Amino acid sequence: MLTIKLFLVPAFLAFITFAGKRWGANVAGWLAGLPVVTGPILFILALENDASFAAVAATASLSAVFASVSFSITYAHACIRFRCLPSLFCGLFAWLVAALILSFIPSSILSALVIALSTLVAASRAFPKISRQVSSNSIRASEIIFRMIAGAILTVLVTTFSSSLGASWSGLLAVFPILAIVLAAFSHKTQGAAFAVSLLRGMVTGLYSFVAFCLTLSVALVHASLALSFISSIAAAIIVQVATKNVMKSKGSYELHSKSDCEPPVHS
């Protein structure tokens with residue numbers, strides 16, 4: 001479990017960084033929507049507790065899409081006006097307020113699904129508009145290492161505290177925006193506000209696969225074995241992820257710009 005915490009998320013962060021360099025911020029954000037952090041956390045919770053505990057946590061994680069998107073939208077608006085650290089504080093405050101609201105809402109699969117889907121549908125219009133196309137500047141090896149270290153530290157902290165806070169808060173903390181924090185903050189600082197906004201907007205499209213994963217898992221854990229529940233949930237996430245890729249292409253939001261084809265990003 002410690003190996004998963006220390007290496008899976010950092011490795012995925014490095015992959016997303018290179019994907020953003022190669023294919024653009026929207027694609028990097030779309031990939032970041034995959035349940036790479038939440039999936040292992042829920043699996044650990046199922047092993048350390050039981051299937052029913054993990055099912056409740058998965059339902060809470062499903063509704064926590066609202067908190068995750070609240071962070072992304074708030075950071076996107078803040079980064080146009082402020083530097084990295086104030087933007088991060090704004091985003092984290094929005095996440096905390098959203099998480100507290102969710103903690104008072106009676107948890108059910110139906111209500112969690114309605115909250116998640118409503119959030120994703122509304123989020124597409126809530127991000128600030130970017131007038132310029134986004135370019136990917138060169139990224140130093142030291143920055144990639146810093147991103148990986150930050151991701152590992154956040155993952156260990158979240159999983160450490162979540163196991164002692166009950167099923168609902170464990171599920172909410174499982175969706176703590178680790179990837180969004182690391183990717184947005186570093187991208188904002190080194191590649192500009194426009195890149196960070198485009199990346200965070202892309203995450204909204206990627207979160208549809210996250211919804212499929214959590215929904216399938218919360219239902220399957222009640223009726224199937226642990227292994228079958230996670231296998232079916234991963235399969236559902238992959239199917240939805242492929243479908244949203246086709247939607248991105250059809251809407252023209254699938255960035256494939258090279259550095260020479262793009263105007264310089266807007267810096268805050």
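Note that the structure is predicted; figures quoted are calculated from it, not measured.
In this structure, Phe210 and Leu34 have side chains that are not in contact, with every pair of non-hydrogen atoms separated by 4.5 Å or more. For the pair Val36/Leu31, no side-chain contact is recorded, criterion being any heavy-atom separation below 4.5 Å from C-beta on. A 4.5 Å side-chain heavy-atom check between Val204 and Ser72 finds every atom pair outside the cut-off.
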Could you list the donor-acceptor pairs under 3.5 angstrom formed by side chains in residues 173-180, with sequence neighbours left out?
none

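The shortest non-hydrogen separation linking Ser170 to Leu45 is CB-CD1, 3.7 Å. Pairing each heavy atom of Val222 with each of Ala55, the nearest pair is CG2-CB, 4.2 Å.
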Report task. In sequence, state the C-alpha distance, the side-chain angles, and the governing distance for Leu92 and Ile181, and then conclude on side chain to side chain contact (heavy atoms under 4.5 Å, CB included). Result -> CA-CA 9 Å; Leu92 289 174; Ile181 289 172; 3.6 Å; yes
**Report entry** Working for side chain to side chain contact (heavy atoms under 4.5 Å, CB included), residues Val97 and Ser70
**Finding:** CA-CA 9 Å; Val97 171; Ser70 296; over 6 Å; no
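Annotation: the span from Trp30 atom CH2 to Gln241 atom CD amounts to 4.5 Å, rounded to 0.5 Å. With rounding to the nearest 0.5 Å, the separation of OG in Ser168 from CD1 in Ile105 is 11.5 Å. Rounded to the nearest 0.5 Å, atoms OG (Ser61) and CZ (Phe213) are 9.0 Å apart. For the atom pair OG (Ser63) and CD1 (Ile115), the distance works out to 5.5 Å, reported to the nearest 0.5 Å. Remark: Cys84 SG to Phe186 CZ distance equals 8.0 Å, nearest 0.5 Å. Here the NE2 atom belonging to His188 is positioned 11.0 Å from the CG atom belonging to Leu85, to the nearest 0.5 angstrom.
Among residues two or more places apart in sequence or in another chain, the side chain to side chain contact (heavy atoms under 4.5 Å, CB included) test is passed with Ile109 by Thr59, Leu215, Ser218, Val219. Considering only residues two or more places apart in sequence or on other chains, Ala224 meets the side chain to side chain contact (heavy atoms under 4.5 Å, CB included) condition with Leu228, Ser229. Scored by the side chain to side chain donor-acceptor pair (under 3.5 Å) test, Ser52 finds Asp50 as partners (sequence neighbours excluded). Pro86 meets the side chain to side chain contact (heavy atoms under 4.5 Å, CB included) test with Phe82, Arg83; sequence neighbours excluded. The side chain to side chain contact (heavy atoms under 4.5 Å, CB included) check on Val240 picks up Tyr208, Ser209, Ala212, Thr244, with sequence neighbours excluded.
Panel note: side chain Ser233, backbone Leu217; a donor-acceptor pair is recorded below 3.5 Å. Listed for the Arg201 side chain is no donor-acceptor partner under 3.5 Å among the backbone atoms of Ala123.
Screening residues 93-109 for side chain to side chain donor-acceptor pair (under 3.5 Å), with sequence neighbours left out, gives Ser108-Ser111. The list of ring-ring contact (aromatic ring centres under 6.0 Å, His included) pairs with a residue in residues 102-130, not counting sequence neighbours, is empty. Note on residues 215-238: pairs passing ring-ring contact (aromatic ring centres under 6.0 Å, His included), not counting sequence neighbours, are Phe43-Phe230. Within the structure, the side chain to side chain donor-acceptor pair (under 3.5 Å) test picks out no pair touching residues 115-126 (sequence neighbours left out).
Through direct or relayed side-chain contacts under 4.5 Å between Ile, Leu, Val, Met, Phe, Trp and Tyr, Leu110 connects to Val114.
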